[in-house]
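Reading through the structure tokens given below for one structure.
Below, chains carry the letters A, B, ... as their sequence lines are ordered, and counting in each starts from 1.
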Amino acid sequence: MNTTTSHKVSSTLHKVPPKKGSLWLRKGNKIAPYFFISPFFIIFGVFGLFPLLFSLYLSFHYWEPAAGLSAMEWVGLENYVFALQDEWFQKSIYNTVVIALKSGIPQHVVAIPLAFFIHTSFTRWRNTVIGVYFVPYITSTVAISLVFTTLFSRDFGMVNQVLTSLGNFTVADIHVLSWIFPVNNVDWARPEYTKDMISFVVFWRYVGWNTVLYLSALQTIPKDLYEAAIIDGANRYQQFWYVTLPLLKPMAFFAVTLTIIGNLQLFEEPFIITGGTGGIDQAGKTAAMHMYLTAFVESDFGTASAISWILFMMIAGLTWMNHKLLGGSNEE
Amino acid sequence: MITFKKTVVFSTLCAALISNAANAEQVEITVASFPNFNQVAEAAVPLFEKIHPEIKVKIVSTAYMDHHNAMTTALATGANLPDVMSIEANYIGRLAQSGGLEPLNVAPYNANEFYQKITPFTLAQGSDSDGNLRAMPADIGPGSLFYRKDILDKSGVTQEELIKNWDSFIDAGIKVKEKTGDYLLANAVDIKDIYIRANLKDGEGVYFDKDHNILVNSPRFKEAFRLSKKARMAGIDAKVSPWTNEWTEGLKRGTISVQMMGAWLGGHLQDWIAPDATGLWRSTQLPNGALASWGGSFYAIPVKAKHKPEAWEFIKFMSTTKEIQLLGMKEINAFPALIEAQDDPFFEEKLPYLGNQQARLAWKETAMKIPSVSMDRYDEVARQIVSDALEKVLEHDADIDTVLADAVKQIKRKARRR
């Protein structure tokens, strides 16, 4: 039906006799569509395609940027080799992977049951509840990170106040809880805590986003499946495990892909929490931060570009693996 | 009707011509700056425009890090370059060596005429490795030690003990810890930062010598690392970094009793960090007669700038006019680079916040003695690697000789295309 309509429309368009105007007008008719669509292509070309190709070009060059464009020097694959052998880059990759797992896995493990819970338990207030969970996602990263660094402040932070007050809780002169809670203030800036702290902030921030994704998937699952399951005697847990979860798989693929991409490019949270340095012993320096510091502190734009392409390849690889793992079932 | 139209067209044309003529007379220069250094320029512009009615000044200010990133990118592409570029001391080594800035010591600028008038060490900061001045100093940060006299008195530590040498400095810290429970230092890393800069001779660099040889694996660095570690082991540092909440709160509540930094810290303490502590703080020189500088700001002209002569007029006005240099001191505690400004009676004032010390005179004396340390393009790379090495020593108890040898290897690797 659609094709015939469009065919009709196009044939009517062709039937319109060309106006007896100037050459420009007749040509203009043909050019006009391109003219109207050009803003997208111009903007995409300038802000999308050009930087992409330029960074690829740059990754094969050594360039001291403050010396101007003419200072570029072709070095082939050296930047890639250099980056891969670089101790700091390896460490930043390790940090990224650890933070990605520590913040990524809990995100989904919590978001799926949470979405199920919100979906089944709230009717009238559902949107408000989702809204509350979604707020961290739309809040400025800078504000979030500043709030969390204040909360986790060693001497004046609320987290330590709560923990130590529990640790110092006394019954008959004995600190009964001191085996589980600290008695003295914990220095959250120490390298052994940095990654956990960043992971927690990232988890807190994106769990609501994933919940919304899963919730929207839940809403597409037909009610009669649940009704059938209930008739077969399935309890709530069985409904979740045998009906909901398998049908969430396509959304899980999408959400996990987004988490992989987002977490491997993690920059803002660790950057602000560690004050732009990566923290003591570089414990919180992610690969994206390493790329930024290589470019803007060491002013080695070539290596920084190479790092960005290495990261791209890693993300592409992981997404492909994820597709094999979660996305494959659709083809069956 | 037609005549009316004609009149309108005619008068618009005239207006356009007149405004064009006015534009031709007046040149607008752009000054790129960052907070709060921009405040000095903003305060000075009305005066400048009065003296130079032919020049209009537009100040564009962005956040500290954004500004320097933007300047790097602008130099890279040659686009959107300001006529006058403000540069902070942390970035001066890299930008001055880049070749993207005009050499100011030669014609038509001839900044060398002013060399005698400017604090010597800061000229070396603004110069490239060939000795060409690429950026004109505007303000400097002579190093000073600020301490809480009341806390030291309570602990029975005298100022002489505190600054006699580094070991006695650390012993003083142990006393303070025992008597009051307060920390002496914000971070043991501070000692390393000062020690590696202290007692350098004119022309020497911190991490590299003039021929770009790496100086990191040397007794100077080993001793700096040893002292930092000793301070950390003694438990006299609060393990906080400057400009964090813990740091400002520590200084405010007096749990950190000493801070070594640029003389401008006095202004920060008084204005917002510890405004209620009037009369409690004192300023003295760094331990062991160490001389160092913190921060400092510069003005430069990009090679591809459009209005170079006008830009130079503005820079001269900002850097070599006594009144403007004093204005900077009064506005944002920016210590003047111009010696003439340091001779003003303003410097003899007793400072109630520092217990009526004539601290500015002492800072001025320090400033004149600070050696002219040569800067290197890879200073920032080396700085990162060395602080990383020190963290290994402080956190993981690594061997000092091993980490320094590793640091040299890493610097060599990173600075591979010299």
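- In this structure, OH on Tyr91(B) lies 11.0 Å from OG on Ser299(A), to the nearest 0.5 angstrom.
- With sequence neighbours left out, Ala186(B) forms a side chain to side chain contact (heavy atoms under 4.5 Å, CB included) with Asp190(B), Val240(B), Trp247(B), Ile256(B), Gln259(B).
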Practice prompt. Start with the C-alpha distance between Glu380(B) and Glu298(A), add both sets of side-chain angles, then the distance that settles side-chain contact (heavy atoms from CB on, under 4.5 Å), and finish with yes or no.
Written response: CA-CA 7 Å; Glu380(B) 190 55 27; Glu298(A) 294 174 17; over 6 Å; no

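- Applying the side chain to side chain contact (heavy atoms under 4.5 Å, CB included) rule to Asp130(B) yields the partners Asp128(B), Asn132(B); only residues at least two apart in sequence or on another chain are considered.
- When the candidates Met65(B), Arg253(B), Lys304(B), His68(B) are compared by the number of heavy-atom contacts under 4.5 Å with chain A, Arg253(B) comes out ahead.
- Other residues, nucleotides and ligands place no more than 12 heavy atoms under 6.0 Å from the OH atom of Tyr193(A).
- Side chain of Arg94(B) to backbone of Val297(A): a donor-acceptor contact under 3.5 angstrom is found.
- Heavy atoms from other residues, nucleotides or ligands lying under 6.0 Å from CG of Asn168(A) number more than 12.
- When each of Gly99(B), Ser98(B), Gly78(B) is scored by its heavy-atom pairs under 4.5 Å with chain A, the top score falls to Ser98(B).
- Applying the 6.0 Å contact sphere to NZ of Lys230(B) captures more than 12 heavy atoms from other residues, nucleotides or ligands.
- Looking at residues two or more places apart in sequence or on another chain, you find a side chain to side chain contact (heavy atoms under 4.5 Å, CB included) between Ala71(A) and Trp63(A), Ala67(A).
- At a heavy-atom separation below 4.5 angstrom, chain B is approached by Thr150(A), Ser153(A), Arg154(A), Asp155(A), Phe156(A) within residues 142-156 of chain A.
- Contacts between Ala74(B) and chain A at a heavy-atom distance below 4.5 Å are absent for every atom of the residue.
- The parts of Ile385(B) that come within reach of chain A are both its backbone and its side chain, each placing non-hydrogen atoms under 4.5 angstrom from that chain.
- For the atom pair OG1 of Thr72(B) and CZ of Phe301(A), the computed distance is 6.5 Å after rounding to the nearest 0.5 Å.
- Neither the backbone nor the side chain of Gln97(B) comes within contact range of chain A, judged by heavy atoms closer than 4.5 Å.
- Distance CD1/Ile280(A) to CG/Asp388(B): 11.5 Å, rounded to 0.5 Å.
- Between Asp281(A) and Glu391(B), the shortest heavy-atom distance links the atoms N-OE1, 2.7 Å.
- The residue among Lys239(B), Lys392(B), Gln384(B) with the most heavy atom pairs within less than 4.5 Å of chain A is Gln384(B).
- Counting heavy-atom pairs closer than 4.5 Å to chain A, the top-ranked of the candidates Leu75(B), Thr244(B), Thr73(B) is Leu75(B).
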Discussion item. Walk me through whether Asp86(A) and Lys414(B) qualify under side-chain contact (heavy atoms from CB on, under 4.5 Å).
Written reply: CA-CA 9 Å; Asp86(A) 188 20; Lys414(B) 294 241 174 194; 3.3 Å; yes

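- Using a 4.5 Å cut-off between heavy atoms, Glu395(B) touches chain A through its side chain atoms alone.
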Worksheet item: Going through the checks in order, is the side-chain contact (heavy atoms from CB on, under 4.5 Å) test met by Phe82(A) and Arg413(B)?
Response: CA-CA 9 Å; Phe82(A) 177 80; Arg413(B) 228 175 88 78; 3.6 Å; yes

